[in-house]
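Below is one structure; the comments refer to it alone.
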Amino acid sequence: MRYIEKFLRQRKDLVITVDYHALCRGEEWHVSCEEIEETVRRGWINPEKCREFPGRPYRKIFLSCYFGKHQRTVELVLLYDEEFAQGEVKTLWAVKGRTRQRK
């Protein structure tokens with residue numbers, strides 16, 4: 001999974017855009033823009049849910065990040081374009097407590 005390694009190198013400087021659907025979901029789950037950005041910048045990657053699409057310039061990356069103060073985990077799907085070093089958050093949700101994928 002070469003694109004995940006490249007994403008890890010670029011994640012600090014990545015240009016992040018958020019889809020309208022993800023913004024609506026963020027309001028529904030009470031997830032702030034800062035939490036979305038922090039999930040992309042330092043979140044845990046689940047390689048089993050990541051996927052390449054043949055013939056398309058983007059890759060799907062599944063990220064999750066635990067926020068201890070709020071005692072919840074924010075999970076999101078990012079479409080990562082390695083050529084332009086940008087990522088678009090397509091959807092997100094919050095889970096109370098830690099998720100099982102982390103263990």
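Taking both residues in full, the closest heavy atoms of Cys65 and Gly43 are given as CB-CA, 4.1 Å, listed atom of the first, atom of the second, then distance. The heavy-atom pair separating Arg11 from Leu63 by the smallest distance is NH2-CD2, 3.6 Å. Scanning both residues, Thr73 and Ser64, for their nearest heavy atoms gives CG2-CB, 4.1 Å.
A 4.5 Å side-chain heavy-atom check between Val31 and Ile36 finds at least one atom pair inside the cut-off. Looking only at side-chain heavy atoms (C-beta outward), Phe7 and Leu14 come within less than 4.5 Å of each other.
The structure places CD of Glu75 at 10.0 Å from CH2 of Trp29, a figure rounded to the nearest 0.5 Å. Rounding to the nearest 0.5 angstrom, the gap separating the NE2 atom in His21 from the CG atom in Leu23 is 10.5 Å. Atom CG of Leu92 and atom CZ of Arg25 lie 7.0 Å apart (nearest 0.5 Å).
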Evaluation steps, side-chain contact (heavy atoms from CB on, under 4.5 Å), between Lys60 and Leu78: CA-CA 6 Å; Lys60 181 178 94 169; Leu78 179 83; over 6 Å; no

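Taking the side-chain hydrogen bond (donor to acceptor under 3.5 Å, both in side chains) definition, one finds that Gln10 meets it with Tyr80, sequence neighbours left out. Judged as a ring pair (Phe, Tyr, Trp, His ring centres under 6.0 Å), and not counting sequence neighbours, Tyr20 has no contacts. Checked against side chain to side chain contact (heavy atoms under 4.5 Å, CB included), Ile16 has the following partners two or more places apart in sequence or in another chain: Glu37, Val40, Arg41, Val89. For Glu28, the salt bridge (charged side-chain N to carboxylate O under 4.0 Å, His left out) test picks out no residue, with sequence neighbours left out. For Arg51, the side-chain hydrogen bond (donor to acceptor under 3.5 Å, both in side chains) test picks out no residue, with sequence neighbours left out. His70 meets the side-chain hydrogen bond (donor to acceptor under 3.5 Å, both in side chains) test with no other residue; sequence neighbours excluded. In terms of the side-chain hydrogen bond (donor to acceptor under 3.5 Å, both in side chains) criterion, Thr17 has no residue partners (sequence neighbours excluded). Annotation: side chain to side chain contact (heavy atoms under 4.5 Å, CB included) contacts of Tyr3 (sequence neighbours excluded): Met1, Cys50, Glu52, Arg59, Ile61, Glu82. For Trp93, the ring pair (Phe, Tyr, Trp, His ring centres under 6.0 Å) test picks out Phe62, with sequence neighbours left out. Judged as a side chain to side chain contact (heavy atoms under 4.5 Å, CB included), and not counting sequence neighbours, the contacts of Lys90 are Asp19, Leu79, Glu88.
Note that Arg72 lies outside the cation-pi zone of Phe67, set by a 6.0 Å cut-off to the ring centre and a 45° limit from the axis.
A salt bridge links Arg42 and Glu38; the closest N-O separation between the charged side-chain nitrogens and carboxylate oxygens is under 4.0 Å.
Grouping the Ile, Leu, Val, Met, Phe, Trp and Tyr side chains by contacts below 4.5 angstrom, directly or via other members, places Val77 with Leu8.
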